[in-house]
Amino acid sequence: MAENKILLAYSGGLDTSVAVPWLKEKYGADIVTLTIDLGMVDLEAIRQRALAVGASSALTVDGRQELVEGFLFPALKAGAIYEGVYPLATALGRPLIARYLAEAARSEGAYAIAHGCTGKGNDQVRLEVSIAALAPDIEVIAPIRDWGMSRDEEIEYAEARSLPIKARDSRFSVDENLWGRSAEAGELEDPWQEPPEEAYSWTRSVADSPNDPTYLELHFEKGAPTAVDDESMSGMDLISHLNTLAGGHGIGRVDHVENRLVGIKSREIYESPAATVLHAAHRSLETLTLSKEQVRTKEKLAQEYAEIVYNGLWFTAHRQDLDAYIASTQRYVTGDVRVRLHKGSCVVVGRSAPDSLYQYHLATYDRSDQFDHKAAEGFIKIYGLPVRTQNQVQRD
Ligand code: ARG
């Protein structure tokens, strides 16, 4: 067994492909790669590429179901959206990637884990904080942060070693998983410039989206979506289905200048069609099924939860405790939500729940009204008492 093994988180892109020979040369180690499918990944093609650039073995794992159940749905139930717009796709994927890396490093007997993050982003923090939590004995190496090569130098490095890589013409730095796509860098770095159409790939522009709306009925069980138009689906299929449908209507585009954990502001383009629809629908179902106080407390916790996820603090008791509270709030968040997808917007047009707190006989203005109008008089008198008192006594 090789004593000198490094496990590399391998995406198949230029950076991590160059990292294979670089790590091998610098550390004299065998490189085992791990590629994780969190959606939109051709595992076998990437595995072949890893071997072609010199990995001694190339592992793969399909993490999609785990991503959905362990990370995306808890975040959906929490209503976690960073800075009001970002559903946290990249950020939610990182702790799961860290967990798979820690597990694989152990089972492979690797002394170090390497990843392809730069020194400016959030992802290095998320991965390293998580790896340190799960596998404190394993070293972390960040070649891209260490080597200081420009993109052109990386290409030269790869050519000098005849690595079979095709440097994709990527004007942007892109990360994607089932929950969404993030694009940054290139011309997007000028926040005054409108993003070019090519920055988007999951969504149609509003101009190109269909003239006719699509109506959908989403079913939720205890806060998790389980069916679309009466067809039960796995979380994974449901999210993919909504990404296609809502993306086709131009839904889920976000253009945001964001506050990174490392102190920089950066301009980010996000596409999250399914997350946009699901958050809207879920929030609407909660308006029927939660009390005013529960909704308000949840709103505050949603922000807290989003910060935790964004800031790489998934593996903390604080996150676990919030999850326990949130899970408890979802006991009656079961029912159906009708949404209209049209020209870049997702609008909730109907909602119903077997345990709805909305009571027609209390709300109605028609004859079947059962609200006690007489009692309102006394209520107002007592409720307004401190207001009257203060205005009588302190008149300035
Ligand atoms: N800014 C986002 C985040 O921190 C997305 C990062 C995406 N990474 C990338 N290489 N494009 O969650």
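Atoms considered below: every heavy atom in the structure, side chains included; atoms not considered: hydrogens, waters and symmetry mates. Order of appearance sets the numbers: ligands from 1, and atoms from 1 within every ligand.
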Please determine if [X] and [Y] form a salt bridge, counting it only when a charged side-chain N lies under 4.0 Å from a carboxylate O.
X: Lys343; Y: Asp208; result: no
X: Glu286; Y: Arg283; result: no
X: Arg64; Y: Asp62; result: yes
X: Glu66; Y: Arg99; result: yes

* Asked: For Tyr270, is the NZ or CZ atom of Arg253 found under 6.0 angstrom from the centre of its six-membered ring and inside 45 degrees of the ring axis?
  ->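 Cation-pi check for Arg253 and Tyr270: fails.
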Ligand 1 versus [X], non-hydrogen atoms closer than 4.0 Å: side chain, backbone, both, neither?
X: Asn122; answer: side chain
X: Arg126; answer: side chain
X: Tyr270; answer: side chain
X: Asp123; answer: side chain

* Got the closest protein heavy atom to atom 9 (C) of ligand 1, with its distance? -> Ser173 OG, 3.6 Å
* Asked: In the protein, what heavy atom is nearest to atom 1 (N) of ligand 1, and what distance, to one decimal place, separates them?
  -> Glu258 OE2, 2.8 Å
* To do: Look at ligand 1 and say whether Arg260 reaches it with a heavy atom at a distance under 4.0 Å.
  =>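 No, that is not the case, since the closest heavy atom of the residue is not under 4.0 Å from the ligand.
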* Close approach of Tyr86 to ligand 1, heavy atoms, under 4.0 angstrom -> yes
* Phe71 and Trp179 aromatic centres sub-6.0 Å -> no
* For Asp175, atoms of ligand 1 separated by under 4.0 Å from a heavy atom -> 7 (C), 8 (N), 9 (C), 11 (N)
* Asked: Does the side chain of Tyr310 come within less than 4.5 Å of Arg126's, by heavy atoms?
  ->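 Sidechains of Tyr310 and Arg126: in contact.
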